[in-house]
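Read the structure below first, then the notes.
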Amino acid sequence: MQFHHHGYVSGDPRVQPAAGVGIERPAELPEHVDVLIVGTGPAGMLAAAQLSQFPAVTTRIVERRGGRLAIGQADGIQARSVETFQAFGFAERIIAEAFRITEMAFWKPDPKDSSRIVRAARAADDPAGISEFPHLIVNQARVLDYFAEFMANAPTRMAPDFGLEFQGLEVAGDGEYPVSVTLLHTDGPDEGTERIVRAKYVVGADGARSKVRDSIGCTLAGDKANHAWGVMDVVAGTDFPDIRTKCAIQSGSGGSILLIPREGGHLFRMYVDLGEVDPADNGAVRNTTIEQIIAKAGAILHPYVLDVRNVAWHSVYEVGHRLTDRFDDVLPAELGIRTPRVFITGDACHTHSAKAGQGMNVSMQDGFNIGWKLGHVLDGRSPEGLLSTYSAERQVVAKNLIDFDKLWSSLMAKKPEEFENPSELEDFYVRTAEFPAGFMTEYSPSMIVGEATHQGLATGFPVGKRFKSAPVERVCDTNPLQLGHQAAADGRWRIYVFADQAAAGAPSPTTELAAWLANAPESPLAATPDGADADAWFDVKVIYQQDHTGVDITAVPAVFTPEVGPFRLTYLEKVYGTDPTADIFELRGLDRGGVIVIVRPDQYVANVLPLTATAELAAFFAPLVPVRLTGSASGSALTP
Ligand code: FAD
C-alpha cells in the first residue's frame, strides 16, 4: 500500500483521502446518480466497493432492510474469493476470524450395521495447491461488513442507503440519466412514501426474487425448486468425532447431512436433506420446524448424539438450478445496436444449490466484473461497448456452474447402494477441486481478452484465467513477496513486464519496450490524463530474472519507477527480482526471452505478448482507452 506520498498520514492508512464526489457526499440519496445499485448482498457490495475507488463517479447502493445483515445465508468462502479480499485489503483479517477447511471427511453406513455411520474416507481440500489462499467458512454478514468498511474508507466515502425498496424502473431515451427508478421508503420518517431517482446505470443485485430482473423482462429458467435443505447454525453437545471437520454424511436410511464447522470453535452449520420437493407442495416444505430439522439430523448421525443447546439461525433453503438467458437489458434483437443500461448480478440471474458452496462466491465475481467496467466507462476511460462484455462473460460462467452443481448435487443425493464405485463421491470432490475453489473461470476472446496466440511464452498464465500469484523479491527493500498480492482493487489495468536475461537498463528488448511505453504516442500510457500520476490508469511492473542483489535500481528504466503525488516522489516498489528458491519464470512457464502479461482490473489475464510486440499491445488497448484526454477534467486522479 502506498501512502505518505501526499505528506505524513497520522492514523489508519487504509482511510484514503476523500476525493471527487466523496468530498461533500450528501447523506441523503440525491435525485441524480451515475450508478444505482439495488441490494447490499455480496454482489451489490462488491460492485459498490469497486466503484468507491472512482472519485468522479456518483454511486449509491440502496437496500430495503433498515440496516446491515445481522446473520445467516451463505458461509463458504472459496480461495478465489479470499484472493479477491486480498485486493480489497481485508484477507488477513478475515482469515484470522474464519474457520479454515483443510480436509473433508466422508461418512457412510457401516457395512456391518447400516443403522450406524462410520468414517469411510478423508480428502485433502486443496491437494494440488491451487492457491496460496485458504478455503474459509465465515458468515456472509462479516463479508458484507468488510466491504462496507472498504467503501467508507474509499475516496468517495460511500455507505449503503438502508430502508429503500426498489419498486420498478423505466429506461427512456438517450438523455444523460435515462433510467428512472421508483423507490419506496421502508424505514425512517418517510416510511411508506415513494421517490424517483434518475440514474445513468442500474445494477440489480437484489437476490433471487429480483424486481430489477422482472423490470427488464428477464425470467429465471430451469428447475424451479427441486430440493429442500434444512439449514441450521447451532452449538451442541455431541460425541461425533468430526464435528470440527467438514463432512458429507450419508446414513443407511438415505438421509444426508453436509456439516460445516464455523468460526469461533463451537458453532457449526448443518444442511439437512429434506428431500425432493413435490411441485404441488406449494411451499409447504418451508414450514418445516427447527425441531423437525434437529430430529432428522440426530437420526442421520446415529449412533452419535446431537444435543442442540442453542440455535443461532435456521432456514429452509429451497432452491433450484435457474438461470436467465441474459444479464442485462439488451434484447437479442438489439445486440450490437445499443449498449446496456441495466445489469443483473448474483442470485438475480443465477441460483444453484448450497452444496457446492458457490452462491456468495460467484455473485461477488459478478460484482467485480461489472464494477470496474462501469467505473471505466463513467470515468471516460473506455467506450460504452465495454459494458456489453459483462453479460457475455458472466452468463457463460453461471451456466458452467449450474452444470457442475447439478452433477455434484445429484451425487450428494444418491443413496449409498446406488453408487457403482464406493469412492465415487470423494473421487469427484478431489478431481474437480479447482471448480468449487473458483479457479475454472476462463473468459473467451473479446475486446478485453486477447487471442492466446503467444500463450507458449507464459504457459502458467492462461489467457482468460485469473492471474495466479507466485513469489518474487522486491528490489528496493529486498522483501520477499507474492507478486499477485501487489495488485489492489483500484480499477487499474496491470502490465507485467517479465524481463529478458539482460541486466536492468542494458540495451535489450525490455529496455526498448520501456522506452516505447513511456514515449510512444500509441502507447496505452499516453491515454493517462494530464495532471494525473503516470501510473493512474496503468500499473506497470517489471520482474527481472536476476535476484534482488543483481538488479541495479538506478539503472531501471523510468517507466517502472514513476514519479507520483504532489512531491513528485520516485516510486520504487514496482521493480522485482526473481526468488532463486521459487523462480517465477520456472513456476509460471515464462519464456527466458521475456514476455508481457496484461492483467485486467478484476485480476484476469487479458493477453500474453512478446516484449517486441508493441504494435499488438497498442492494438489491444486502442479500442479500450481510445481517448487522448488533456487536463484532469475526468477527475480520475487515482493515486494509490
Ligand atoms: P442476496 O445476498 O440475496 O442479496 C440481495 C439483497 O437485496 C438483500 O440484502 C435484500 O434485502 C436486497 N433486496 C431484495 N429486494 C430488494 C428490493 N426490491 N429493493 C432493495 N433491496 C432489495 N448460499 C449458500 O451458498 N449457502 C447457504 O447455506 C445459503 N443459504 C441461504 C439461505 C437463505 C435464506 C438465502 C436467502 C440465501 C442463501 N444462500 C446460501 C444463497 C446466498 O446467500 C446467495 O447466493 C448470495 O447471497 C447471493 O448474493 P446476492 O448479492 O446476489 O443476493
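When reading the values below, keep in mind they use all heavy atoms of this one structure, side chains included, and skip hydrogens, waters and symmetry mates. Counting starts at 1 for both ligands and their atoms, in listed order.
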**Asked** Quick one: does Asp75 get a heavy atom under 4.0 Å from ligand 1?
**Response** no
**Request:** Answer with yes or no whether Tyr271 contacts ligand 1, where contact means a heavy atom under 4.0 Å from a ligand atom.
**Result:** yes
**Sub-3.5 Å N/O-N/O distance, Arg64 and ligand 1** = yes
**Message:** Below 30° counts as parallel, above 60° as perpendicular, anything between as tilted: where do the rings of Tyr201 and Phe343 land?
**Reply:** tilted
**Item:** Qualifying residues under side chain to side chain contact (heavy atoms under 4.5 Å, CB included), relative to Val397, sequence neighbours excluded
**Value:** Arg394, Thr441, Tyr443
**Gly359 neighbourhood, listing ligand 1 atoms whose heavy-atom distance to it stays under 4.0 Å** = 25 (O), 45 (O)
**Message:** Show me which atoms of ligand 1 lie under 4.0 Å from any heavy atom of Met360.
**Reply:** 45 (O)
**Message:** Using a 4.0 Å cut-off to any heavy atom of Gly346, which atoms of ligand 1 qualify?
**Reply:** 52 (O)
**Item:** Heavy-atom pair of closest approach, residues Leu387 and Pro340
**Value:** O-CG, 3.9 Å
**Request:** Would you mind running through ligand 1 and noting each atom that sits below 4.0 Å from a heavy atom of Gly41?
**Result:** 2 (O), 4 (O), 6 (C), 51 (O)
**Message:** Please classify the Val38 to ligand 1 contact at 4.0 Å (heavy-atom distances, strictly less than): side chain, backbone, both or neither.
**Reply:** side chain
**Fill in**
Residue set satisfying side chain to side chain contact (heavy atoms under 4.5 Å, CB included) with Ala49, at least two apart, ordered chain then number -> Phe88, Phe147, Phe150
**Prompt:** Where's the contact between Met45 and ligand 1, heavy-atom distance under 4.0 Å: side chain, backbone, both or neither?
**Reply:** neither
**Asked** Got more than 12 heavy atoms from elsewhere within 6.0 Å of NE2, His32?
**Response** yes
**Prompt:** Atoms of ligand 1 less than 4.0 Å from Gly39 heavy atoms?
**Reply:** 6 (C), 7 (O), 12 (C)
**Prompt:** Do the rings of His376 and Trp372 sit parallel, tilted or perpendicular, given the 30° and 60° boundaries?
**Reply:** perpendicular
**Complete:** Of all heavy-atom pairs linking Gln50 and Gly491, the shortest is NE2-N, 3.7 Å
**Asked** Applying a strict 4.0 Å limit to heavy atoms, is Arg269 in contact with ligand 1?
**Response** yes
**Item:** Closest to atom 51 (O) of ligand 1 among Ala43, Cys349, Ser210, Gly76 (heavy-atom distance)
**Value:** Ala43
**Message:** Taking the cut-offs as 6.0 angstrom to the six-membered ring centre and 45 degrees off its axis, would you call Arg68 and Phe162 a cation-pi pair?
**Reply:** no
**Prompt:** If you draw a 6.0 Å radius around CZ in Arg198, do more than 12 non-hydrogen atoms from other residues or ligands fall strictly inside?
**Reply:** no
**Item:** Proximal ligand 1 atoms for Leu164, defined as those under 4.0 Å from one of its heavy atoms
**Value:** 20 (C)
**Message:** Taking 4.0 Å as the limit for heavy-atom contacts, which would you say applies to Arg65 with ligand 1: side chain only, backbone only, both, or neither?
**Reply:** side chain
**Derivation of the salt bridge (charged side-chain N to carboxylate O under 4.0 Å, His left out) call for Asp214 and Lys211** = CA-CA 5 Å; Asp214 297 347; Lys211 283 192 190 166; over 6 Å; no
**Asked** Looking only at non-hydrogen atoms, which of Phe166, Tyr317, Trp313, Phe162 approaches atom 38 (C) of ligand 1 most closely?
**Response** Tyr317
**Prompt:** If you measure from each non-hydrogen atom of Gln140 to ligand 1, which part falls under 4.0 Å: side chain, backbone, both or neither?
**Reply:** side chain
**Request:** Have a look at Ser315, Ser363, Gly207 and point out the one with the heavy atom closest to atom 34 (C) of ligand 1.
**Result:** Ser315
**Asked** Quick check: does Pro42 get an N/O under 3.5 Å from an N/O on ligand 1?
**Response** yes
**Message:** Give me the atom names and distance for the closest heavy-atom approach of Gln167 to Leu184.
**Reply:** NE2-CB, 3.5 Å
**Prompt:** Within 45° of the axis and under 6.0 Å from the centre of the six-membered ring of Phe268, does NZ or CZ of Arg262 qualify?
**Reply:** no
**Complete:** Note: ligand 1 atoms sitting under 4.0 Å from heavy atoms of Glu165 are 17 (C), 18 (N), 19 (N), 20 (C)
